K.L.:
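Let me give you the structure first, and then I'll get to my questions.
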Amino acid sequence: MKTFSIHLKGKPPVQVQAESLSVREALERFEVGGLDRVVAAKVNGEQRDLSAEIAEEEAEIKPVYIQSEEGLHILRHSTSHVMAMAVKELFPGVKVTIGPAIENAFYYDFDYERPFREDDLPAIEEKMKEIVNADLPFSRKEITSQEAIRFFRDQGEDYKVELIQDLGADRVSLYTQGGFTDLCRGPHIPSTGMIPAFHLTHVAGAYWRGDEKRPMLSRIYGTAFADQKSLKKYLYRLEEAKKRNHVKLGPRLELFSTHEEIGAGMIVWHPKGAMLRHILEEFEIREHLHRGYELVKGPEILKTELWKKSGHFENYRENMYFTEIDKQSYGIKPMNCLAHMLIYASKLRSYRDLPKRYFELGTVHRHERSGVLNGLFRVREFTQDDAHIICTPDQLNGEIKGVLNFVQEVMGIFAFPYDLEISTRPEKSIGSDADWELATQALVQAMEDEGLAYEINEGDGAFYGPKIDVKLNDALGRKWQCATIQCDFTLPEKFDLTYIGKDGDRHRPVMVHRVILGAIERFIGILIEHYAGAFPTWLAPVQAVVLTVTDRNITHAREVYQALLDADIRVEADFRNEKLGFKIREAQLSKVPYMLIIGDRECDNNGVTPRQRNGQNLSLMNAGGFIDLIRQEIQQRR
RNA sequence: GCCAGCGUAGCUCAGACGGCAGAGCAACUGAUUUGUAAUCAGUGGGUCGGGGGUUCGAUUCCCUUCGCUGGCUCCA
């Protein structure tokens, strides 16, 4: 007989005398509500199955409810096991590999004689429903790795055998529901009947362990929720997000197009899209000049020799395009730094000149693999708002903080949610360990000084230095890298950049590569989805459209149109012989912020009636009044 | 690059065992002069992504190529 002392937050502790005590039994002592919605529990901070025995005499216990984040994770993981079981029953000979829960979803990778197709999913879902209805309990068993390897080898589950071997543990845990046993750390929901709502969403190919040299597996994605309503809501949200997809919206709003005959990953900007770019670029130039940057411009193609000198040829060649001119090899630039290096090196620099901040809206070409191209998000030609800051080592911290502030201010204008990550040295890289350490520390220190939260991304740095990445969250919950701040101790050395210090000697400056919006293309893609195409007035390629009611109104309408043009408002005219409702509909679909209605009433009063994009009318006012109003809005970047 | 799916009029989509390719919207022409999300009528519009093959005959079947979409370790 043992004595267990169990604690649960907010309740008086309970002493239990028993031979053994399961997590579920412990929870029952506290009469916690909704035990049927509890999927697992945390015992002394560690996730456990409800059926697990409590080994500790003193235990702090906390139920994990199905609708909580952790609960959903466990639910989805368990649902992936149910899916694997269903697939094994339906497709004999299939081999199972791994099947984790991921954000909002789960997947399981299979190796089968043919890849799974979307039309296999309904049958799998049906079989899963049977398994759920059968309410099979999940049971956990720990055995030695040897036994587990034998167990899976006998079933021909080679992938599982490999996993266990790589784990290198003495013992592993297995989970069984019905006739299906899987290697798994757990925990799991008590039984399959506890799955309230699930749906299989799509299939995809995936390399075994993400390695393209290893077999291509067939992945099935699905999701599960604590109730049917949440699942429906999630699927609806996905549908809504699809409607914002910039690949569809962009061409419909006449922003850009792509062409098979031009090539993959190349964007053609139409008048409205080119205007949007221009607005952003103008905004950027102003903001940069304001912060002590200088505008520069380098050529598109530079001799291959120079790319060899910089290390790009060695490290980045497979992403570069090359061409030949007069038997000389040239590389089309994938980055803008080289010309900036030469600008710096073009004359002797004093410490008094530093920092130098060179800014270029630089168009670069990168040979991205065909399969990763994606609308405006991933293209082969794009323009970066690129700058290189060359400074003394003791200016570095301040410069990085300056860029972090710049990023914060700009993201604030667009009201974007974002996360910060620090990426460290990758396998393929140049430079000494000491320099990497120094550079990484400089980034960490600046983040700490600014009190910013960040994650560490091991091995994800650029080949020449560590970096801070700013990842925006888009409408579909995907993350996109935009701003990035990269330290570089190697380029100044390769180009022998120097400055004369106070002491009269030559010193080596350090360099920061950084972008704020990142690629203009990608940023516009994110903006389209963020605003669902309805850009705020300051960004809208067309800010107002003048609509006449009848031909009688054209003379006055033309005066209004001209007044707006004169005031630098981006205005269009729709004087067609159509009904007002028809013109409003078209303007509405093109998401213009303002429609200026001009009928007899407006002509008689020498004014306009603005109709806002949200359907609200403002009262009749004269053209000057409207110009004041919209100018104020533009100035406030609304 | 690899796996899967997709590609029919400017757009959204039908279609057929392998037997002359369809609708709505848009465009164009005309009528209409219109007050807050589609006025009416008529007309034109397609190498069914490109190339090759099988066939009497291919948009449909096969191969190939281009393009697009979803994915390609958020570690049992």
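Quantities reported herein were computed from a predicted structural model and do not represent experimental measurements. Quick note on labels: first sequence line is chain A, next is B, and so on, each numbered from 1.
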K.L.:
With both distances kept under 3.5 Å, what pairs with B:A23, Watson-Crick or G-U wobble?
P.N.:
B:U12
K.L.:
Between B:U8 and B:U12, how far apart are the C1' atoms? Round to whole Å, please.
P.N.:
12 Å
K.L.:
Classify A:G375 by what it touches in the nucleic acid, base, sugar-phosphate, or nothing, heavy-atom distance under 4.0 Å.
P.N.:
sugar-phosphate
K.L.:
What nucleic acid atoms does A:A206 come within less than 4.0 Å of, heavy atoms only: base, sugar-phosphate, or nothing?
P.N.:
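Here A:A206 touches the backbone only, sparing every base.
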K.L.:
Rounding to a whole Å, what distance do you find between A:R378:CZ and B:G1:P?
P.N.:
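That distance rounds to 14 Å.
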K.L.:
What's A:K213 touching, base or sugar-phosphate or nothing? Going by heavy atoms closer than 4.0 Å.
P.N.:
nothing
K.L.:
What's the closest nucleotide to the A:R552 side chain, out of B:G70, B:U39, B:U33?
P.N.:
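Taking heavy atoms from C-beta onward, the closest nucleotide is B:U33.
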K.L.:
Could you tell me whether A:G581 contacts a base, only the sugar-phosphate backbone, or nothing, with contacts defined as non-hydrogen atoms closer than 4.0 Å?
P.N.:
sugar-phosphate
K.L.:
In the structure shown, which nucleotide is the Watson-Crick or G-U wobble counterpart of B:U39, with both distances under 3.5 Å?
P.N.:
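B:A31 - that is the nucleotide pairing with B:U39, both distances being under 3.5 Å.
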K.L.:
Between B:A14 and B:G22, how far apart are the two C1' atoms, rounded to whole Å?
P.N.:
7 Å
K.L.:
For A:Y175 together with A:F180, are the ring centres under 6.0 Å from each other?
P.N.:
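Aromatic pair excluded; centres sit 6.0 Å or further apart.
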K.L.:
How about A:Y108 and A:F110: are their ring centres within less than 6.0 Å of each other?
P.N.:
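Here the rings of A:F110 and A:Y108 have centres that are less than 6.0 Å from each other.
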K.L.:
Quick one: do A:K242 and A:E239 make a salt bridge, cutoff under 4.0 Å?
P.N.:
yes
K.L.:
Less than 6.0 angstrom from the centroid, inside 45 degrees of the normal: does A:R237 satisfy that with respect to the ring of A:Y234?
P.N.:
no
K.L.:
Ignoring the backbone of A:R219, work out which of B:G71, B:U12, B:U39 is nearest its side chain.
P.N.:
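Among the listed nucleotides, the one closest to the side chain of A:R219 is B:G71.
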K.L.:
If we call it a pair only when both distances are under 3.5 Å in a Watson-Crick or G-U wobble match, what pairs with B:G46?
P.N.:
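Its partner is none (no Watson-Crick or G-U wobble pair with both distances under 3.5 Å).
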K.L.:
Could you work out which one of B:G71, B:A37, B:U36 sits closest to the side chain of A:I597?
P.N.:
B:U36
K.L.:
Just to be sure I understand the rule, does A:K160 reach a base, reach only the sugar-phosphate, or reach nothing, if contact means heavy atoms closer than 4.0 Å?
P.N.:
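If one applies the 4.0 Å heavy-atom cut-off, A:K160 turns out to touch the sugar-phosphate alone, with no base involved.
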K.L.:
Applying a 4.0 Å non-hydrogen cut-off, can you work out what A:P115 is touching in the nucleic acid: base, sugar-phosphate, or nothing?
P.N.:
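Sugar-phosphate: the residue A:P115, judged by heavy atoms under 4.0 Å, touches backbone atoms but no base.
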K.L.:
Can you tell me the distance, in whole Å, between the CG atom of A:L547 and the P atom of B:A37?
P.N.:
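From A:L547 CG to B:A37 P: 12 Å.
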K.L.:
Taking CG from A:L373 and C1' from B:G71, how many angstroms apart are they, rounded to a whole number?
P.N.:
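Roughly 14 Å, once rounded to whole Å.
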K.L.:
Going by an N to O cut-off under 4.0 Å, is there a salt bridge joining A:R378 and A:E368?
P.N.:
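Looking at A:E368 together with A:R378, the answer is yes, because their closest N to O distance falls below 4.0 Å.
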K.L.:
Measuring from the side chain of A:E602 (C-beta onward, heavy atoms only), which nucleotide among B:A37, B:G35, B:U39 has the closest atom?
P.N.:
B:G35
K.L.:
Expressed as a whole number of angstroms, how long is the span from A:D551:CG to B:A31:P?
P.N.:
13 Å
K.L.:
Please state the C1' separation for the pair B:C11 and B:G46 - nearest whole angstrom.
P.N.:
15 Å
K.L.:
Using atom C1' in both nucleotides, what's the gap between B:A23 and B:A31 to the nearest angstrom?
P.N.:
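B:A23 and B:A31 have their C1' atoms separated by 25 Å.
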K.L.:
Would the A:H73 and A:H77 ring centres measure less than 6.0 Å apart?
P.N.:
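No; A:H77 has its ring centre 6.0 Å or more from that of A:H73.
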K.L.:
Determine the contact category for A:Q588: base if any of its heavy atoms lies under 4.0 Å from a base atom, sugar-phosphate if only primed atoms, P, OP1 or OP2 are that close, otherwise nothing.
P.N.:
base
K.L.:
Any base atoms under 4.0 Å from A:Y207, or only sugar-phosphate, or nothing? Heavy atoms, all strands.
P.N.:
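Base contact.
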K.L.:
With C1' as the reference atom in both, quote the distance from B:G45 to B:C25 in angstrom, rounded to an integer.
P.N.:
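The answer is 14 Å between these two C1' atoms.
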K.L.:
Counting only side-chain heavy atoms from C-beta out, which of B:G1, B:A37, B:G71 sits nearest to A:I584?
P.N.:
B:A37
K.L.:
Judged by each residue's nearest nucleotide on RNA chain B, which is more toward the 5′ side, A:H202 or A:G99?
P.N.:
A:H202
K.L.:
Once you round it to whole Å, what is the distance between C1' of B:U65 and CD of A:E260?
P.N.:
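Atom CD in A:E260 sits about 10 Å away from atom C1' in B:U65.
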K.L.:
Using the C1' atom on both, measure B:G49 against B:A9 and round to a whole Å.
P.N.:
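Looking at atom C1' only, B:G49 and B:A9 are 14 Å apart.
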K.L.:
Consider only side-chain N and O atoms of A:E125 and A:H199, and report whether a donor and an acceptor are under 3.5 Å apart.
P.N.:
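A donor-acceptor contact under 3.5 Å links the two side chains.
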K.L.:
Looking only at the side chain of A:E103 (C-beta and beyond, no hydrogens), which of the listed nucleotides B:C74, B:G35, B:C72 gets closest?
P.N.:
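Of the candidates, B:C74 comes closest.
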K.L.:
Under a 3.5 Å cut-off for both contacts, is B:G1 paired Watson-Crick or G-U wobble with anything, and if yes, with which nucleotide?
P.N.:
B:C72
K.L.:
Quick one: is B:C3 close enough that its OP1 or OP2 comes under 4.0 Å of any side-chain N or O from A:S218?
P.N.:
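A:S218 to B:C3 OP1/OP2: no side-chain N or O under 4.0 Å.
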K.L.:
Indicate, with a heavy-atom threshold strictly under 4.0 Å, whether A:D166 touches base, sugar-phosphate, or nothing.
P.N.:
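Nothing, no heavy atom under 4.0 Å.
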K.L.:
Would you mind telling me which of B:G1, B:U73, B:C2 lies closest to the side-chain atoms of A:R369?
P.N.:
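Of the options given, the side chain of A:R369 lies nearest B:G1.
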K.L.:
Closer than 4.0 angstrom, basic N to acidic O: yes or no for A:D469 and A:K467?
P.N.:
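Judged by the 4.0 Å cut-off on N to carboxylate O distance, A:D469 and A:K467 do form a salt bridge.
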K.L.:
How far does the C1' atom of B:G7 sit from the matching atom of B:U65, given to the nearest Å?
P.N.:
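Those two atoms are separated by 14 Å.
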K.L.:
What integer distance in Å separates A:R117:CZ from B:C3:P?
P.N.:
15 Å
K.L.:
Atom CG of A:D109 and atom P of B:C75: how far apart are they, to the nearest Å?
P.N.:
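Whole-Å distance recorded here is 13 Å.
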K.L.:
Side chain of A:I98: nearest nucleotide among B:C75, B:C3, B:A26?
P.N.:
B:C75
K.L.:
Would you indicate which nucleotide in B:A37, B:G5, B:C72 comes nearest to any side-chain atom of A:V372?
P.N.:
B:C72
K.L.:
Students often get this wrong, so: under 4.0 angstrom with heavy atoms, is A:E261 touching a base, only sugar-phosphate, or nothing?
P.N.:
nothing
K.L.:
Taking only the P atom of each, what is the distance from B:C48 to B:G52 in whole angstrom?
P.N.:
13 Å
K.L.:
For A:D120 and B:C3, what is the distance between atoms CG and C1' respectively, to the nearest whole Å?
P.N.:
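In whole Å, B:C3 C1' and A:D120 CG are 14 Å from each other.
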K.L.:
Can you tell me if the side-chain N/O atoms of A:K248 get under 4.0 Å from OP1 or OP2 in B:C11?
P.N.:
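So the side chain of A:K248 is outside the cut-off, no N or O lying under 4.0 Å from OP1 or OP2 of B:C11.
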K.L.:
Go through the steps for A:Y221 and A:F106 under the test ring pair (Phe, Tyr, Trp, His ring centres under 6.0 Å), then give the verdict.
P.N.:
CA-CA 6 Å; A:Y221 280 91; A:F106 65 83; 8.8 Å; no
K.L.:
Check the chi torsion on B:C17 and let me know: syn if it falls within 90° of 0, anti if not.
P.N.:
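Syn.
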K.L.:
Give the nucleotide from the list B:U69, B:G35, B:A4 with an atom nearest to the side chain of A:N374.
P.N.:
B:U69
